[in-house]
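For reference, the structure is listed below as structure tokens.
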Amino acid sequence: MPFGLFLYKTMTTLIAPFLGALFRRRARSGKEDAARISERFARDLPDRADGALIWLHAASVGESQVQLELARRLIATKDATAAFLFTCQTQTAARLIRDAFTTDKHLQTRKCLQQMAPVDTANSARRFLDHWRPSIAIIAEGEIWPNLLLQLDAREIPSALINARMTEKSILGWLRWRKTAHKVFASFDLLVAADMQTKTGLTELSDTPVILSRKSQVSPPRSFSGRR
């Protein structure tokens with residue numbers, strides 16, 4: 001195991017007992033829904049729908065809109081009959097997704113659920129995946145949670161990072177932990193970058209092919225290697 005990943009796993013294990021108090025404090029300040037804190041630890045979850053389940057994960061509103069549009073397009077193909085599980089990090093995004101369930105005629109044709117994203121500890125990730133057993137996981141933009149991603153990989157659940165966006169600072173930060181970065185990003189079965197800078201960075205981080213979702217107006221650097 002790369003040393004950076006060992007450190008991450010150790011730190012998330014050590015802080016896990018204190019996360020409940022942190023989320024209760026966030027609930028008191030209005031940043032979390034107290035009634036949904038258990039979802040953050042993958043506890044007291046609703047029943048899983050039978051059959052295939054597509055897990056669409058996002059951070060906040062912008063990424064959730066991308067995932068909702070992706071779900072609409074998948075439904076429009078009429079080739080798949082899978083249910084959809086949407087997860088996000090913010091209350092605003094959760095409301096956006098749930099509102100879409102009641103107003104969007106496409107989404108109303110499928111079983112759709114919305115949950116708050118689990119914290120990225122080994123136990124929460126395990127409980128989440130044990131319960132939901134997604135057929136595929138699709139992550140939007142920049143939600144990189146190593147424990148979840150590596151457990152998906154270990155379970156041989158296909159995963160994709162779509163519309164990925166990374167700043168130069170973020171890419172260089174990951175490159176300082178190159179072996180850890182490769183382990184994490186190479187776990188994706190599909191990498192789709194939103195711009196050329198991200199495509200260049202993800203290619204170096206993962207050492208795997210990266211698809212460009214649209215043309216970029218800005219010429220990317222040839223390589224991030226050796227830059228600090």
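Positions are given from 1 along the sequence.
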Please confirm whether the backbone N or O of [Y] pairs with a side-chain atom of [X], one donor and one acceptor, at under 3.5 Å?
X      : Y      : answer
Ser38  : Asp44  : no
Glu39  : Leu45  : no
Arg127 : Arg43  : no
Gln151 : Ala122 : yes
Arg72  : His106 : no
Ser64  : Ala93  : no
Thr198 : Ala194 : no
Asp189 : Ser159 : yes

[atom1]/[X] to [atom2]/[Y] distance, rounded to the nearest 0.5 angstrom?
X      : Y      : atom1 : atom2 : answer
Thr81  : Ile75  : OG1   : CD1   : 11.0 Å
Ile211 : Leu190 : CD1   : CG    : 4.5 Å
Thr10  : Phe3   : OG1   : CZ    : 8.5 Å
Ile97  : Thr102 : CD1   : OG1   : 12.5 Å
Arg155 : Asp153 : CZ    : CG    : 12.0 Å
Glu143 : Glu141 : CD    : CD    : 9.5 Å

Minimum heavy-atom separation for [X] and [Y], please, with both atom names.
X      : Y      : value
Leu5   : Pro146 : CD1-CB, 4.0 Å
Ser135 : Pro158 : O-CD, 3.3 Å
Thr90  : Ser60  : OG1-OG, 3.3 Å
Gln115 : Pro46  : OE1-CD, 3.5 Å
Ile144 : Val184 : CG2-CG1, 3.6 Å
Ile139 : Phe188 : CG1-CE2, 3.9 Å

Residue pair [X] / [Y], side-chain heavy-atom distance below 4.5 Å:
X      : Y      : result
Leu70  : Val66  : no
Gln197 : Thr200 : no
Glu63  : Gln89  : no
Leu107 : Leu68  : yes
Leu175 : Leu205 : yes
Arg133 : Leu53  : no

Do the side chains of [X] and [Y] join up, straight or via other hydrophobic residues, at under 4.5 Å, putting them in one cluster?
X      : Y      : value
Met116 : Leu19  : no
Ile171 : Val210 : yes
Leu148 : Trp174 : yes
Phe18  : Phe23  : no
Met11  : Phe6   : no

### Message
For the CD atom on Glu69, are there more than 12 heavy atoms of other groups (residues, nucleotides or ligands in this structure) within a distance under 6.0 Å?
### Response
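Enclosed: over 12 neighbouring heavy atoms sit under 6.0 Å from CD of Glu69.
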### Task
Check the surroundings of atom NZ in Lys183: do more than 12 heavy atoms from other residues, nucleotides or ligands lie under 6.0 Å from it?
no
### Message
Please report whether the ring centroid of Phe41 lies less than 6.0 Å from that of Phe128.
### Response
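Between Phe41 and Phe128, which both carry aromatic rings, the centre distance is not below 6.0 Å.
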### Message
Centre-to-centre under 6.0 Å for Phe84 and Trp55, is that the case here?
### Response
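Between Trp55 and Phe84, which both carry aromatic rings, the centre distance is not below 6.0 Å.
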#### Entry: Side chains of Asn147 and Tyr8, donor plus acceptor under 3.5 Å
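Checked: Asn147/Tyr8 side chains show no N/O donor-acceptor pair below 3.5 Å.
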### Query
Are Glu32 and Arg40 ion-paired here, with the side-chain N under 4.0 Å from a carboxylate O?
yes
### Query
Should the pair Lys111-Asp47 be classified as a salt bridge under the 4.0 Å nitrogen-to-oxygen rule?
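Judged by the 4.0 Å cut-off on N to carboxylate O distance, Lys111 and Asp47 do not form a salt bridge.
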#### Entry: Full working for side chain to side chain contact (heavy atoms under 4.5 Å, CB included) between Leu85 and Ile54
CA-CA 6 Å; Leu85 170 67; Ile54 298 173; over 6 Å; no
### Message
side chain to side chain contact (heavy atoms under 4.5 Å, CB included) for His57 and Phe86? Distances and angles first, verdict last.
### Response
CA-CA 6 Å; His57 175 65; Phe86 293 83; over 6 Å; no
### Task
Run the numbers on Ser124 and Thr121 for side chain to side chain donor-acceptor pair (under 3.5 Å), then give the verdict.
CA-CA 5 Å; Ser124 292; Thr121 63; 3.1 Å; yes
### Task
Determine, step by step, whether Val192 and Asn163 satisfy the side chain to side chain contact (heavy atoms under 4.5 Å, CB included) criterion, reporting the C-alpha distance in whole Å, the side-chain angles of both residues, the deciding distance to 0.1 Å, and the verdict.
CA-CA 6 Å; Val192 183; Asn163 204 40; over 6 Å; no
### Query
Can you list the steps and then say if Phe101 with Gln114 is a side chain to side chain contact (heavy atoms under 4.5 Å, CB included)?
CA-CA 9 Å; Phe101 292 169; Gln114 189 279 320; 3.8 Å; yes
